[in-house]
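Structure first, commentary second.
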Amino acid sequence: MSRIGPTSPIALLIGLIVLVAAVMAGLSGTELALSRYLANAIGQLAAFAVLAISLDLIWGYLGILSLGHGLFFALGGYFIAMYLLKHSFETTGTVPDFLQFMGWKDFPFYWAGFEFFPYALIAAVVATTLIAGVFGYVSFRSRVGGVYFAIITQALVYVAMLLMFRNDTGFGGNNGMTGFTVLLGWPMGTSGMITALAVASLLVLALVLAGCRWLVGSRFGALMLATRDDETRLRTMGYETVRLKLIVWCLSAVIAMLAGMLYVPQVGIINPRVLSPELSLEIAVWVAIGGRGHLVGAVVGALLVNAVKFWLSFAAPDIWPFILSGLIVLVVLVFPNGLMDLAKFKLVRPMGAKRIAADIGEARP
Amino acid sequence: MSLTALLVDGLTVRFGSFRALDDLSLAIDYGEVRAIIGPNGAGKTTLLDVISGITRPKQGRVLFDGATDLTGLSEAAIARAGLRRKFQKPSVFEGLSVRQHIVIGADVGFRARLDAPALEDRVSEVLETVGLVDQSSRLAGELSHGQKQWLEIGMVLASDPKVLMLDEPVAGLTDEETERTAALVRALKRPDRAIVVVEHDMDFVERIADRVTVLHEGRTLFEGSMDKVRADAAVVEVYLGR
Ligand SMILES: Nc1ncnc2c1ncn2[C@@H]1O[C@H](COP(=O)(O)OP(=O)(O)O)[C@@H](O)[C@H]1O
Ligand SMILES: [Mg+2]
């Protein structure tokens, strides 16, 4: 219902992302090519930006705060890792560490078919939709919302972490999965592969941004905002808001899952620490700092916070938790709309303050 | 001869040990504007909550059109059956434009059903009726209190409801705005529509209502024309004579 011009921030951002991807692809293999380190960092940041958008879609536009989105990110990560290990094994005969560690002769039966990328992709989408669907249906049906929902999602990701820490689940346990050597028939770790993964992440980011922008600007997007602003009101106008929330929740989960699929090949490892509550909290911080409900804000927030974190991990690794807590306090008390407040030169917006308080503090029975 | 739109039959609603509605029965006909008055806490809003499916009663039923028991249906299903309600606290969507409110009121569903010209006509007509044509592209959050009240009437009106419930539509309005709202409510009266208005403003009630039901402690204290209400000793005692 709203229009998007060529100079709108989101169009500019999408253009910029595609441009960076094109330049990286064009320079690849030449003397001007980006360093492997930089190309890899750009690719990882793009995956985090996709993850941030997935949260903004439900928090910014639907008013549902999830503090467990790391679960869906991890699902993508684990599924792509299964593909990579199985595929590497089939191509080069490399036996995964965790099989040797457990003393197992063969992959567990549920690994069957994972050497085929399309199968792994479909399995990941189906599993994510199912898990998100069941959890969402139960919560939304019984009208769990606000702070209760946030806490339950946090508990969910924590339970998943405990489960994955077990060594007998067949997903690498404690040590996780690593030693990926081949992707789609190509050797991993080469400059070309690093660039290709980064470019793919950037393109997925551009597509996800464009798709989400289309969705939130549509009639359905208006209904999302209406649900966020007053769900009871919308229900008493004849709308099945449980279904609406479920659709967006599952979509958000699948986008987060895709981010995980892009991320893991680029860092070369997945382990249960992805499921730690901290990561899930951090996603919310990225979105809050960038400003909720703008999509662009989520991307900017993810880039900014991770850039600071990256830099601090060299400069002063111990103070990161304090910086993070400081940022949370700042966002809640002073900039309820994150950087969007700075952009508008309105340092305090009582309206927004009320909204963030409503999202985290209120749960209708 | 008038047909019964809503038959409220032996309704009891409890909050803990407190009875907000106590074996309440009443009938509302098509073609009438019914005012429901009574002191604060009498159960007026609770009655509308039960009819619109927000609150489940302990006992009793609400028959719509003589056939459907609404007490078992969801809020959304009740709304789609043709009953719409304006809330006591103006409830609009701060992040949507005035026009968007009327659109989602007129055309219910995740996808648009009406074709574009038909929807356009309907939206213009409703905006005209509630006097918000000039505000159509403004965000609801930016409207004045009175404009929010009218916007909410517009969005429930847009679906052409058979039963229209208005909870305190003139609370907080200026005299002039109250006057306009009274004219609007009278204009909405139709033979195939029942209008239920909860209000405290007696002059307003006198102007709009065909019949008045006085609630007190979850029960009907009196029912009749406004003249008779004013003359009834019990009503004056508990409500008007405060
Ligand atoms: N959800 C609730 N929980 C407990 N008590 C309630 C609830 N809703 C209403 N009540 C009580 O029920 C009584 C009737 O309320 P209400 O129907 O809102 O009155 P009014 O006639 O002023 O609209 C009041 O005493 C109110 O405090
Ligand atoms: Mg009331």
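Each chain gets a letter, A, B and so on, in the order its sequence line appears, and its residues count up from 1.
- Among residues 56-72 of chain B, no residue has any heavy atom closer than 4.5 Å to a heavy atom of chain A.
- Around CZ of A:R141, the count of heavy atoms belonging to other residues, nucleotides or ligands within 6.0 Å does not exceed 12.
- Between A:R219 and B:D107, some side-chain heavy-atom pair lies under the 4.5 Å cut-off.
- One finds the CD1 atom of B:I104 at 9.5 Å from the CZ atom of A:R233 (value rounded to the nearest 0.5 Å).
- For residues 235-245 of chain A, a heavy-atom distance under 4.5 Å to chain B picks out A:R235, A:T236, A:M237, A:G238, A:Y239, A:E240, A:R243, A:L244, given by residue number.
- Using a 4.5 Å heavy-atom cut-off against chain A, no residue of residues 114-136 of chain B qualifies as contacting.
- Around the OH atom of A:Y137, the shell of radius 6.0 Å holds no more than 12 heavy atoms that belong to other residues, nucleotides or ligands.
- Residues A:L225 and B:F93 form no side-chain contact, since every pair of their non-hydrogen atoms from C-beta on lies 4.5 Å or further apart.
- Residues of residues 138-167 of chain B lying under 4.5 angstrom from chain A, judged on non-hydrogen atoms, are B:E152, B:M155, B:V156 in numerical order.
- Both the backbone and the side chain of A:L234 come within contact range of chain B, judged by heavy atoms closer than 4.5 Å.
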Before you tell me yes or no, could you show the steps for B:F87 and A:D230 under side-chain contact (heavy atoms from CB on, under 4.5 Å), namely the whole-Å CA-CA distance, both residues' side-chain angles and the distance that decides it to 0.1 Å? CA-CA 12 Å; B:F87 286 83; A:D230 196 335; over 6 Å; no

